Amino acid sequence: MIPLRRLLLKGSTTLPLAALLAGGLLQPSRLLAASWNHNAFTARQTDEALKAYGAVQPSPAGPRDITIHAPETAENGGKVDIEVSTTLPGAVSIAVFADKNAYPLCASIDFLPPALPFVKLQAKLLESTRIRAVVRSGDGKFHVAFREIKVTQGGCGA
């Protein structure tokens, strides 16, 4: 009687998992970022990355619309903490660009309502540079804010 009970318990945990796998609910294309913007992330110039991202001429944000918290001076460019938040209504994505990096687009994060548009990331910075935080609102408009960061030791192997 005990072996039958164990068999039933074992089967009750593996059967739902097998059903999920067979039904395609755990396909990598549905779980991972299957539609990442390859052109924006591989662009070598900031203007090219902004164009590929869709933010050709973003509007300057007001002083309180986009907030960037980052150190004024980073001793190690290999690990620079950057936080970006926005009060712009209907923000659906935040992207962070480092103008002097070999690949300027550091991160791009999309949000679904009612998520709060807040990003905290660690970026590698090649040298002292200007950081751009680009926020896309629900109506498709792009807004940008800037922050200068001085780097005493580069973090991109240079």
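Remember, it's a predicted structure, so these values are computed and weren't measured experimentally.
With a 6.0 Å radius and a threshold of 12 heavy atoms from other residues, nucleotides or ligands, Q45 has its CD atom at or below the threshold. Annotation: F41, atom CZ; neighbour count of heavy atoms from other residues, nucleotides and ligands within 6.0 Å is above 12.
The distance from atom CZ of R136 to atom OG of S108, rounded to the nearest 0.5 Å, is 8.0 Å. Between the OG1 atom in T87 and the CG atom in L116 there is a gap of 12.0 Å [rounded to 0.5 Å]. Going from atom NE2 of H69 over to atom CD1 of I82 covers 12.5 Å, rounded to the nearest 0.5 Å. Between the CG atom in D65 and the OG atom in S59 there is a gap of 10.5 Å [rounded to 0.5 Å]. Here the straight-line distance linking atom NZ of K51 with atom OG1 of T46 works out to 14.5 Å at 0.5 Å rounding. Separation of atoms CD (E75) and NZ (K150) is listed at 13.5 Å; rounding is to 0.5 Å.
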Worksheet item: Checking side chain to side chain contact (heavy atoms under 4.5 Å, CB included) for the pair F97/I131: CA distance, chi angles, key distance, verdict?
Response: CA-CA 6 Å; F97 295 82; I131 296 294; over 6 Å; no
Practice prompt. Verify side chain to side chain contact (heavy atoms under 4.5 Å, CB included) between H143 and L88, making sure each step is shown before the conclusion.
Written response: CA-CA 9 Å; H143 306 274; L88 290 167; 3.6 Å; yes
Discussion item. With side chain to side chain contact (heavy atoms under 4.5 Å, CB included) as the criterion, how do E148 and E72 come out once you've worked through the C-alpha distance, each side chain's angles and the decisive distance to 0.1 Å?
Written reply: CA-CA 7 Å; E148 294 288 334; E72 189 173 307; over 6 Å; no
Practice prompt. Could you check T67 against V84 for side chain to side chain contact (heavy atoms under 4.5 Å, CB included), going step by step and ending with a plain yes or no?
Written response: CA-CA 6 Å; T67 305; V84 180; over 6 Å; no
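Considering every non-hydrogen atom in both G54 and F142, the closest pair reads O-CE1, 3.1 Å. In terms of heavy-atom proximity, A55 sits nearest to P58 at O-CD, 3.4 Å. Summarising the geometry of L125 relative to N101, their closest heavy-atom pair is CA-OD1, 3.4 Å, with the distance given to 0.1 Å. Heavy-atom minimum distance, S128 versus K100: O-CD, 3.2 Å. Of all heavy-atom pairs between S137 and V92, the closest is O-CG2, 3.8 Å. Smallest separation of non-hydrogen atoms from T86 and A91: CG2-CB, 3.8 Å.
A single hydrophobic cluster is not seen to contain both V119 and Y103; linkage of ILVMFWY side chains at heavy-atom distances under 4.5 Å, directly or through other members, places them apart. Grouping the Ile, Leu, Val, Met, Phe, Trp and Tyr side chains by contacts below 4.5 angstrom, directly or via other members, places I68 apart from F118. Clustering ILVMFWY residues whenever any of their side-chain heavy atoms sit less than 4.5 angstrom apart, transitively, puts F111 in the very cluster that holds V135.
A donor-acceptor contact shorter than 3.5 Å is absent between the side chain of R132 and the backbone of V144. Counting only distance, with no hydrogens or angles, the side chain of T73 and the backbone of T152 share no donor-acceptor pair below 3.5 Å.
Cation-pi geometry between R130 and F146 is met: under 6.0 angstrom from the ring centre, within 45 degrees of the axis.
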